[in-house]
There are 2 protein chains.
Amino acid sequence: MSHIPGVRQAQKQKTRQALLDAALELLEGQSLSSLGLREVTRAVGIAPTAFYRHFRSIADLGVALVEQALGSLHPMIRTTVSTAGDGEERVARALELIARHVDAYPAHVRFIARERHGGVRPVREAIHSQLGLFTAEVGEALAGDPASAGWSEEDVLMLAQLYVDLMLGTASLLLEAEGPGARERVSRTAARQMRLIGIGRTHWLDRPDGSP
Amino acid sequence: MSHIPGVRQAQKQKTRQALLDAALELLEGQSLSSLGLREVTRAVGIAPTAFYRHFRSIADLGVALVEQALGSLHPMIRTTVSTAGDGEERVARALELIARHVDAYPAHVRFIARERHGGVRPVREAIHSQLGLFTAEVGEALAGDPASAGWSEEDVLMLAQLYVDLMLGTASLLLEAEGPGARERVSRTAARQMRLIGIGRTHWLDRPDGSP
DNA sequence: CCATGCAGTTAACAACTGTTCTCCGTAAGG
DNA sequence: CCTTACGGAGAACAGTTGTTAACTGCATGG
């Protein structure tokens, strides 16, 4: 419990981060449930048993990776939605932010998309939980918009979920997009989808009856 | 090449199906990339080497599973969309069909959701390909609707993709929904999301300019 | 300055993996 | 009826895996 980091603790977190980084890289070609403890330590260059000084298991490491990966997604999503209402330019700017994030942290995006429905329960739950927080945050941002006047909280959240899912799906598609024009094609459709949802949003309260 | 099945070929396809079934069951708690060849044969009760009489590798088996799983999803999605336009009842009926499918083939739904972004490339590609066919099919169904008059083919496909993704996401959420009221909550939000998209659809051409 | 704590090592374990080669029984086809 | 083709069994292979235990060196805190 030393307030000043100390050489010791610094080194520990250094190799801990090395383990996380190595795991993330190894996960490009496989799923977490097939990632081996020895595989990771070998990539880092430490003895297999040293792994236990940092994580109890691979699933444990996975949960840590979730926090790290979604920590980087956090500001992105917030910025995206704070600018994304209806206007053309807003949609375009949001999509550019997503693309930029995919370029900056491709492994993070891949990890989240892959393990969101992956085979390791605690990791799945961690992602679901964090994504729920994001949805709530996006919901707050949407609620602040005048276009959300008269909306129930439940409806705001369902809209937020729609946006979050679309953003994640688009990010994943951008990640796998290869070949000339592929990225542009993905962006075009994503832009239209966002626009269509925005249109549905503006007319949500138009219907004869309220919103049952 | 015997026209009549024959006892031999029948038995072969029987164990082949047993392998597929066993794999699907084992995949409830892990991802395909961690599924072992011996694990599957052990579950079926045959020698490990017999596996090669049916599949070249686990990835190969995975591709076969994709066709089987999406073969069962096929009629569901078609029926769903052919009934899902705008009306309240149509949305409700579509959701009921989805829920029914999740109950009937939970392992199939889990497999597709998990391996869609999973760690085995050929399987990912097979799913993406099949899902693309579905999207096209849904697009055709949508194009037949009078509400799609004046829509470009590209826009119809982007709407179809939106619907397909929403259906898959909802199915996955239903699968993991546990506890009283969880399923109902998932269904409620999914219904509203479908409704909102439907609203966006009806007002898609309302905007001042055409659709760039 | 010295004793303690702890990141990391080494060795060893039983169990498991994918794959090859050889063999067996039997349905299929002439 | 007799040969062939083939689904499956068996044994063996070289590697790999997670986890244990006891050990070492060194920064840390008193």
Side-chain angles (χ1 to χ4, degrees), chain A residues 1-23 25-65 118-123, chain B residues 1-23 25-65 118-123:
Chain A
M1 286 287 185
S2 59
H3 23 160
I4 296 175
V7 180
R8 205 101 191 216
Q9 311 228 1
Q11 186 61 24
K12 170 160 185 178
Q13 284 188 337
K14 204 171 171 184
T15 64
R16 184 192 140 100
Q17 188 57 44
L19 284 168
L20 290 168
D21 291 345
E25 193 175 350
L26 288 167
L27 283 175
E28 183 180 340
Q30 60 186 319
S31 305
L32 187 69
S33 82
S34 68
L35 185 65
L37 173 159
R38 296 181 100 106
E39 204 178 346
V40 180
T41 56
R42 193 186 312 133
V44 171
I46 62 175
T49 54
F51 180 89
Y52 296 105
R53 302 290 180 190
H54 304 273
F55 305 101
R56 213 183 306 243
S57 65
I58 284 287
D60 198 22
L61 177 146
V63 173
L65 266 182
V120 184
R121 184 165 246 262
V123 172
Chain B
M1 287 287 186
S2 60
H3 22 160
I4 296 174
V7 180
R8 205 99 191 222
Q9 311 227 1
Q11 184 60 26
K12 170 161 186 179
Q13 284 188 337
K14 204 171 169 183
T15 64
R16 183 191 142 101
Q17 187 58 43
L19 284 169
L20 289 168
D21 291 345
E25 193 175 351
L26 288 168
L27 283 175
E28 183 179 341
Q30 61 186 318
S31 307
L32 187 69
S33 82
S34 67
L35 185 65
L37 172 158
R38 297 181 98 105
E39 205 177 347
V40 180
T41 56
R42 193 186 312 132
V44 171
I46 63 175
T49 54
F51 179 90
Y52 295 104
R53 303 288 181 191
H54 303 273
F55 304 101
R56 214 184 305 243
S57 66
I58 284 288
D60 199 21
L61 177 146
V63 173
L65 266 182
V120 183
R121 184 164 246 262
V123 172

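We name chains A, B, ... by the order of the sequence lines, and we start the count at 1 in each one. The figures here come from the full heavy-atom set of this structure, side chains too, leaving out hydrogens, waters and symmetry mates.
- We find that CD1 of A:I58 is positioned 11 Å from P of D:dT17, with the value rounded to whole Å.
- We find that CD of A:E39 is positioned 6 Å from P of D:dT17, with the value rounded to whole Å.
- At whole-Å resolution of the value, CD in B:Q9 and P in D:dG8 are 12 Å apart.
- The OG atom of B:S34 lies 7.5 Å from the CG atom of B:L27; values are rounded to the nearest 0.5 Å.
- Going from atom CD of B:Q11 over to atom P of C:dA28 covers 11 Å, rounded to whole Å.
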Expected rows: protein N/O vs nucleotides 10-16 of chain C N/O, under 3.5 Å:
| residue | atom | partner | partner atom | Å |
| --- | --- | --- | --- | --- |
| C:dT10 | O4 | A:T49 | OG1 | 3.0 |

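- When the P atom of D:dG15 is taken as reference, atom CG of B:L37 falls 19 Å away, rounded to whole Å.
- Looking at residues two or more places apart in sequence or on another chain, you find a side chain to side chain contact (heavy atoms under 4.5 Å, CB included) between A:A47 and A:T49.
- Checked options B:D60, B:L32, B:I58; the residue passing with B:V123 is B:L32 (criterion: side-chain contact (heavy atoms from CB on, under 4.5 Å)).
- A:E39 is linked by a side chain to side chain donor-acceptor pair (under 3.5 Å) to A:Q30, counting only residues two or more places apart in sequence or in another chain.
- Listed by chain and residue number, A:E125, B:E178 satisfy the salt bridge (charged side-chain N to carboxylate O under 4.0 Å, His left out) test with A:R121 (two or more places apart in sequence, or in another chain).
- Atoms NZ (B:K12) and P (D:dA9) sit 14 Å apart, rounded to a whole Å.
- Between B:G45 and A:Y52, the residue anchored closer to the 5' end of DNA chain D is B:G45, taking for each the nucleotide with the nearest heavy atom.
- The stretch residues 26-54 of chain A participates, sequence neighbours left out, in these ring pair (Phe, Tyr, Trp, His ring centres under 6.0 Å) pairs: A:F51-A:F55.
- Contacts of A:Q11 classified as side chain to side chain contact (heavy atoms under 4.5 Å, CB included), with partners at least two apart in sequence or in another chain: A:K14, A:T15.
- Nucleotide C:dA7 holds its C1' atom 9 Å from the CD1 atom of A:I46, rounded to whole Å.
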**Complete:** Counting primed atoms, P, OP1 and OP2 as sugar-phosphate and everything else as base, the B/S/- map of nucleotides 22-27 of chain C against protein heavy atoms under 4.0 Å is ---BBB

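- Within the structure, a side-chain polar atom (N or O) of B:T15 is placed less than 4.0 Å from OP1 or OP2 of D:dG8.
- A distance of 13.0 Å separates CG of A:L19 from CZ of A:R53, quoted to the nearest 0.5 Å.
- Going from atom CZ of B:F55 over to atom P of D:dG8 covers 11 Å, rounded to whole Å.
- Partners of A:Q17 by side chain to side chain contact (heavy atoms under 4.5 Å, CB included), not counting sequence neighbours, listed by chain and number: A:L20, A:D21, A:Q68.
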